[in-house]
There are 2 protein chains.
Amino acid sequence: MQDPSTEQKILEAAISIFQKKGMAGTRMQEIADEAKINKAMLHYYFRSKQRLFEAVFMQAFQQLAPHVNEIFNADATVFEKVESFVDKYISFVLVNPYIPSFLIQEINNNPKFAQTFFSAHGVPDPSQFEQQIAEEIQQGILKPIDPKQFLLNLFSLTAFSFAANGLVKGLLNIDNETFMMMMEERKKLIPELIINSIKR
Amino acid sequence: MQDPSTEQKILEAAISIFQKKGMAGTRMQEIADEAKINKAMLHYYFRSKQRLFEAVFMQAFQQLAPHVNEIFNADATVFEKVESFVDKYISFVLVNPYIPSFLIQEINNNPKFAQTFFSAHGVPDPSQFEQQIAEEIQQGILKPIDPKQFLLNLFSLTAFSFAANGLVKGLLNIDNETFMMMMEERKKLIPELIINSIKR
DNA sequence: AAATGATTTAACCATATGGTTAACAAAAAT
DNA sequence: ATTTTTGTTAACCATATGGTTAAATCATTT
């Protein structure tokens, strides 16, 4: 059997480098150095840069997708799911700060790859959640709103700070410590703002 | 004198390629092909890839900065400036859809360059706007809010859709036409949401 | 212990890539 | 008209980069 620790070391190094520098900005040698192994091992275990990148992309996507799937499909009220989503997403991303910008960047830079990837592995499907929104509007719980605009507001408020981390810190003139404190505050702030905007 | 049209052709081609593929993903030859000129001309007019990139980055930044400066420093009420900012920003970015993701990506991928660039050219300074927020809170126009969180909400709601264009379209399952219509709607939707959340 | 198979390494290889140069052409200045 | 400056091109160069290979080492099986 193969030694799992080498493959694991490679993947961890690749995650660290790819997430910070992206596909185009990453050098195989840099991953090898980070993992402290011979460059040939990257190809031995992952065949090519593209394949290794795909493993990293997959891993990142599969970590974020459950959060989106939960708000799309879980059996709870919209209010409850908004609170849960914001809290869990921010907590997760505070520990994995490069994942949002990495995914967004690679999808933007390589639409064809994204298309192929999503066709093969599927994207979370918002239709059930949109149905739920329609029902809660019927029941008089929610104002009449466009569910897609609502989702866009939610994702924007939650993800932008991390996706545009560098720019946000520059424009607001804050250091990383302040940023992290603000993100903790946003766990309450965003649900309040969002829920207030949709409740009857 | 030099023929301005060649230098201009290069810059336009560079803008087109760099904004879509980023510094690391761009090839000088690709810019030359796009501009339909010899690759040596890129170096004749711009010396190096880095310098050409900086010209593109600068051009992008200088187009966005005035919008931010206006909300930070213009002499109008917070409500007025929110409405104006959202409308102008979305209008501008609908025509220049790659600028937000380009700036965000390059700042994230190259923090050192960003640092140097901002030190040399300056970032819009939010302090005066924060002062104005404090005053309007005193006057009972606004609820007590954190001005930085408020700005973050505004920027998030306005910029995220463009910064994460590909992901947004994938997750919401919308085509480009629908996206553009939604962005037009957001010119009214975002100010309503934002202003509602801060007015007394 | 010998044989077999998996893992690791250093040296290579082909190509891509940013950048340069020398010759040439076109304008401008004299 | 001739010299000088500016603009343009094709060929070239050095290095970086993704990827391969043959030999060596290590582990497992028999």
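All heavy atoms count here, side chains included; hydrogens, waters and symmetry mates do not.
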In whole angstrom, what separates [X]'s [atom1] from [N]'s [atom2]?
X       : N      : atom1 : atom2 : answer
A:Glu30 : D:dA16 : CD    : P     : 14 Å
B:Asp33 : C:dA16 : CG    : P     : 14 Å
A:Ile10 : C:dT9  : CD1   : C1'   : 13 Å
B:Leu42 : C:dT20 : CG    : P     : 12 Å
A:Lys36 : C:dT8  : NZ    : P     : 16 Å
B:Lys49 : C:dA16 : NZ    : P     : 16 Å
A:Gln29 : D:dG18 : CD    : P     : 9 Å
A:Phe46 : D:dG19 : CZ    : C1'   : 16 Å

Of the nucleotides [options], which has the atom closest to the [X] side chain?
X       : options                : value
A:Tyr44 : D:dT8, C:dG18, C:dA6   : C:dA6
B:Asn38 : D:dA10, C:dT9, C:dG18  : D:dA10
A:Met28 : D:dT20, D:dG19, D:dA10 : D:dG19
A:Arg27 : D:dT9, D:dT8, D:dG18   : D:dG18

Check: Looking at B:Glu83 and B:Lys188, does any basic side-chain N land under 4.0 Å from a carboxylate oxygen?
Finding: no

Check: Which pair of non-hydrogen atoms, one from B:Ile71 and one from B:Lys81, has the smallest distance, and what is that distance?
Finding: O-NZ, 3.1 Å

Margin query: Counting distance alone, no hydrogens or angles: does the base of C:dG19 have a donor or acceptor under 3.5 Å from a partner atom on the side chain of B:Lys39?
Written below: yes

Check: NA contact type, B:Met41, heavy-atom cut-off 4.0 Å: base, sugar-phosphate, or nothing?
Finding: base

Note to self: Quick one: does any side-chain atom of A:Thr178 pair with a main-chain N or O of A:Ile174 as donor and acceptor, under 3.5 Å?
What the structure shows: no

Item checked: Side-chain donor or acceptor of A:Asn165 paired with backbone N/O of B:Asn108 under 3.5 Å -> no

Next item on the list: Using only side-chain N and O atoms of B:Ser48, determine if any of them is under 4.0 Å from OP1 or OP2 of C:dG18.
Entry: no

Note to self: On DNA chain D, does the nearest nucleotide to A:Met23 precede the nearest nucleotide to B:Ala40 from the 5' side, or the other way round? Give the residue.
What the structure shows: B:Ala40

Check: B:Lys9 and B:Glu34: salt bridge (Lys or Arg N to Asp or Glu O under 4.0 Å), yes or no, with the steps?
Finding: CA-CA 9 Å; B:Lys9 274 195 286 181; B:Glu34 171 90 9; over 6 Å; no

